[in-house]
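Just below is one structure, and these are the notes that go with it.
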Amino acid sequence: MAYAKTSPPVAPGGPALVRVVPPLPSTERGAYCSISCDKSGERMIYCSGSNVIWRPVAGMGAEKPEDILCWKSHTKKTTCAAMSPNGQWVLSGDTTGAVRLWGAKGEHAQKSEYKLWSGTVKDVSWSDDSTRIFACGDGKEVRAAAMIWDTGSKTGEVGGHTKQVNSISFRSQRPFRVVTGSEDMQVAFHQGPPFKFLKSHSTHSNFVNCVRYSPDGNWVLSAGSDSKVCVYEGKDGELVKEFAKPAGISGSLWFAAWSSDSARIVTAGGDKKIRVWDRESGAQTSEAAVGTALSDMQIGVSWATESRIISVSLDGRIFLWEVSPDGQLSLAGTVDGTQGPLNCVGCDRKTGSLIYGGTEGTVAVLGSSAPRKVSIGKGISHILSHSEAYTGDPEAWIISLDDCLRRLSLTSTEVLGTPVEIKEFVVGADWMDTAETKMLVATSKNNVICVSAGGIEWSKAAVPRRPTAMASRPGPPGLMAVAVEKPDGMVAGVASSQFDIMLFEVKDASADGIVEKAVLQKHSGEVCGLSFSPSGAFLASSDALNKVVVWSLGSEAPVVKVDWSFHTARVTCLDWLANGKLVSGSLDCSLFVWDPESPASKVKVAAAHKGGVSAVAACPDGGFASVGHDGFVLVHSLS
């Protein structure tokens with residue numbers, strides 16, 4: 001979908017999409033990252049999870065929602081994508097061995113799907129007239145294919161390899177040629193159509209990672225894991241030269257691209273460097289080092305325009321390089337962010353900054369500019385941010401799957417102090433006091449733990465069964481709600497389906513101040529989300545059977561105020577907005593904005609996140625942010 005172009009109409013007073021933050025390209029150590037640009041160099045195309053994303057090169061990191069496209073029709077991990085030279089179609093491949101042809105304009109409808117083999121599609125390519133398509137990958141017998149774009153008819157056999165074919169390119173000038181590079185260390189040329197094997201070269205001593213015809217069709221480059229760059233004659237496929245290796249080069253050359261005048265080549269290397277080479281002299285003209293860490297390894301590159309090169313590092317960062325007429329490189333900008341699914345999001349109410357993290361173990365801080373990230377190293381499960389009442393420096397607590405809690409500075413994105421080790425799986429956390437210096441943490445071992453910047457204050461076995469969700473409202477006196485699993489055993493021969501919410505009064509900051517007040521019984525599915533309204537008058541709860549319940553806490557015994565069941569799958573998250581409305585997200589990929597005072601009034605945001613909504617967070621301007629399994633961050637405003 002193209003954000004804000006194909007989204008459902010927004011009802012009066014409903015949410016409008018004001019910002020979209022896409023995930024970075026998916027990367028894998030030991031493999032290149034396929035990135036490309038359209039013929040004009042205005043849009044960058046890459047793969048993330050099972051999606052294909054394009055973004056404008058100009059202003060990347062601060063795009064408008066309507067400038068970003070996410071194509072979501074692949075069902076498995078996508079690996080490569082390329083736009084046709086006429087700008088009408090996109091060809092993308094995935095790990096199932098299928099390539100899909102879909103429209104680059106309008107509704108972006110899929111035209112065709114071609115199943116080529118059972119392994120991964122590694123690379124795809126177009127002819128200059130946009131009538132022929134080419135693909136290669138990891139098949140058992142067939143590892144590369146040449147086809148007519150609209151019918152999928154094969155035009156000969158592209159063979160000559162005994163192992164996975166990593167790269168493929170087509171010579172659009174007559175006589176037509178196809179070149180392939182493989183893990184069998186061969187560069188193979190094919191003539192046609194119908195295409196058949198012509199010759200191969202064993203100039204590389206390690207995997208051939210990239211082959212590309214020059215724009216004028218006169219030359220072919222190959223780059224491999226032996227740090228070699230070789231150039232061949234485009235028509236006959238004869239080796240012209242092997243480029244001289246500059247001092248200090250090491251590791252794999254993962255990807256390469258030609259300049260528009262066919263005179264220069266850029267390579268992305270495992271030694272964390274981008275290098276520009278001169279074809280005529282066969283020597284390097286310039287290089288630029290990104291850093292020294294493993295995550296700085298350069299694994300993808302595209303020469304977008306005459307003066308612009310784009311590269312991708314192992315941690316997904318996108319680098320924008322300026323290229324001078326003599327080939328010298330200078331860094332023009334870096335686009336940072338997160339990779340993979342996102343699990344949680346929080347909003348610092350004073351600064352308006354969003355904090356989010358996911359399965360890859362990175363946390364990003366998003367202000368008015370591009371995201372800034374820090375690597376925690378473990379999957380992020382919860383983020384606890386501060387309200388307007390907090391008087392300290394901007395910070396948030398990050399809870400990860402190593403059972404540790406960390407304070408993160410939102411200014412420097414540095415971890416403050418020493419991590420607090422809980423040694424128990426954290427189910428949920430929320431503030432205990434109005435100063436927001438202490439938090440209550442519910443764990444999988446039926447405990448509630450009080451944590452501050454100094455460490456663990458106390459621990460108490462507060463609930464009889466394993467918690468599934470928790471929330472609190474600071475006091476004194478405060479309230480804490482903990483949802484627990486259903487009880488074991490049978491009643492009249494039938495297993496219990498009663499999932500309770502235990503409501504506690506928090507009288508003071510001690511363990512003895514946690515006193516059970518009531519048990520709320522309405523859910524017959526596991527309770528997934530809990531949230532107190534800002535006024536403390538309501539508690540919202542959601543479960544795995546699509547239900548959202550709002551409890552009125554005004555009386556001594558809490559009562560059900562509203563019972564909604566409009567979601568079609570597990571309701572994973574809840575949060576209250578500043579205007580008293582409630583937003584919920586679900587595995588059905590949708591968001592709902594509810595009004596407890598007008599139960600029939602609801603607004604749906606359909607297909608918000610492919611794979612489901614993971615978390616929502618209210619923003620100080622009255623809107624809200626959502627994250628999901630697709631890795632996107634969406635910021636919505638309410639009129």
Side-chain angles (χ1 to χ4, degrees), residues 346 348-350 355 381-400 403-409 415-484 501-520 530-539 541 551 553-554 556 558 575-576:
D348 184 76
R349 302 297 181 89
K350 185 175 291 186
I355 312 99
S381 56
H382 303 279
I383 291 174
L384 185 58
S385 55
H386 287 286
S387 69
E388 298 93 335
Y390 182 65
T391 59
D393 294 332
E395 64 178 45
W397 281 87
I398 310 300
I399 304 172
S400 55
D403 302 334
C404 286
L405 283 67
R406 297 170 173 87
R407 290 166 57 223
L408 177 69
S409 168
V415 176
L416 304 173
T418 304
V420 179
E421 189 175 2
I422 298 295
K423 298 183 179 179
E424 299 178 23
F425 178 78
V426 176
V427 175
D430 214 338
W431 296 115
M432 180 183 188
D433 59 335
T434 55
E436 298 179 359
T437 59
K438 297 180 180 181
M439 74 179 82
L440 294 170
V441 177
T443 74
S444 60
K445 295 185 178 181
N446 308 356
N447 294 323
V448 172
I449 302 173
C450 178
V451 178
S452 67
I456 296 176
E457 303 271 328
W458 50 259
S459 177
K460 179 178 182 177
V463 293
R465 299 183 295 278
R466 184 185 184 277
T468 60
M470 75 86 63
S472 68
R473 188 201 74 189
L479 291 173
M480 178 180 69
V482 181
V484 295
I501 300 172
M502 303 187 68
L503 187 65
F504 297 86
E505 189 173 35
V506 184
K507 295 184 175 182
D508 55 46
S510 68
D512 293 336
I514 306 293
V515 179
E516 183 178 329
K517 181 178 180 180
V519 177
L520 312 184
L530 292 169
S531 181
F532 284 97
S533 66
S535 66
F538 303 113
L539 170 67
S541 57
W551 306 82
L553 306 178
E556 185 65 26
D575 203 6
W576 291 88

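These numbers come from a predicted model, not from an experiment.
Side-chain contact between Leu539 and Leu479 is absent, with no heavy-atom pair separated by less than 4.5 Å. A heavy-atom distance below 4.5 Å is not found between the side chains of Ile422 and Ile399. At a threshold of 4.5 Å between non-hydrogen side-chain atoms, the residues Val441 and Ile456 do not count as touching. Counting heavy atoms from C-beta outward, Val427 and Met470 have side chains that stay 4.5 Å or more apart. For the pair His386/Trp431, a side-chain contact is recorded, criterion being any heavy-atom separation below 4.5 Å from C-beta on. Side-chain contact between Leu384 and Leu405: absent, with no pair of heavy atoms (C-beta onward) separated by less than 4.5 Å. For the pair Phe504/Val463, a side-chain contact is recorded, criterion being any heavy-atom separation below 4.5 Å from C-beta on. In this structure, Pro467 and Asn446 have side chains that are in contact, with non-hydrogen atoms separated by less than 4.5 Å.
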Full working for side-chain contact (heavy atoms from CB on, under 4.5 Å) between Trp551 and Ile501: CA-CA 11 Å; Trp551 306 82; Ile501 300 172; 4.1 Å; yes

Does the pair Tyr390 and Arg349 meet the rule for a side-chain contact (heavy atoms from CB on, under 4.5 Å), with working shown? CA-CA 9 Å; Tyr390 182 65; Arg349 302 297 181 89; over 6 Å; no

Applying side-chain contact (heavy atoms from CB on, under 4.5 Å) to Ile355 and Ile398, what does each step give before you reach the verdict? CA-CA 9 Å; Ile355 312 99; Ile398 310 300; 4.1 Å; yes

How far apart are the C-alpha atoms of Asp393 and Leu416, what are their side-chain angles, what is the distance that settles it, and do they pass the side-chain contact (heavy atoms from CB on, under 4.5 Å) test? CA-CA 11 Å; Asp393 294 332; Leu416 304 173; over 6 Å; no

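Closest non-hydrogen pair, Met439 versus Ala429, comes out as SD-CB, 4.2 Å. Between Glu388 and Lys350 the shortest heavy-atom distance is O-CE, 3.6 Å. For the pair Thr434 and Gly475, the tightest heavy-atom approach, listed with the atom from each and the gap, is CG2-O, 3.1 Å. Between Ser385 and Ala396 the shortest heavy-atom distance is CA-CB, 4.3 Å. Nearest heavy-atom pair across Leu530 and Ala481 is CD1-O, 3.6 Å. Closest approach of Asp512 and Val515 over heavy atoms only: O-CG2, 3.8 Å.
For the residue pair Asp508 / Ser510, a side-chain donor-acceptor distance below 3.5 Å is found, with atom types taken as modelled.
A distance of 5.0 Å separates CE of Met432 from CD1 of Ile514, quoted to the nearest 0.5 Å. To the nearest 0.5 angstrom, Asp403 atom CG is 7.5 Å from Glu421 atom CD. With values rounded to the nearest 0.5 angstrom, Trp397 atom CH2 is found 11.0 Å from Leu408 atom CG. To the nearest 0.5 angstrom, Leu520 atom CG is 7.5 Å from Leu553 atom CG. Summarising the geometry, atom CD1 belonging to Ile449 is positioned 5.0 Å from atom OG1 belonging to Thr443; distances are rounded to the nearest 0.5 Å. Rounding to the nearest 0.5 Å places OG of Ser459 at 12.5 Å from NZ of Lys423.
We find that Lys517 and Glu505 are not joined by a salt bridge, their nearest charged nitrogen and carboxylate oxygen being 4.0 Å or further apart.
Remark: Ser381 pairs with no residue by the side-chain hydrogen bond (donor to acceptor under 3.5 Å, both in side chains) rule, at least two apart or across chains.
Surrounding CD of Glu556 are at most 12 heavy atoms belonging to other residues, nucleotides or ligands under 6.0 Å away.
Put simply, the side chain of Glu436 gets close to the backbone of Ser387: a donor and an acceptor are under 3.5 Å apart.
Every pair passing side chain to side chain donor-acceptor pair (under 3.5 Å) that includes a residue from residues 460-481 is listed here, sequence neighbours excluded: Arg465-Asp500.
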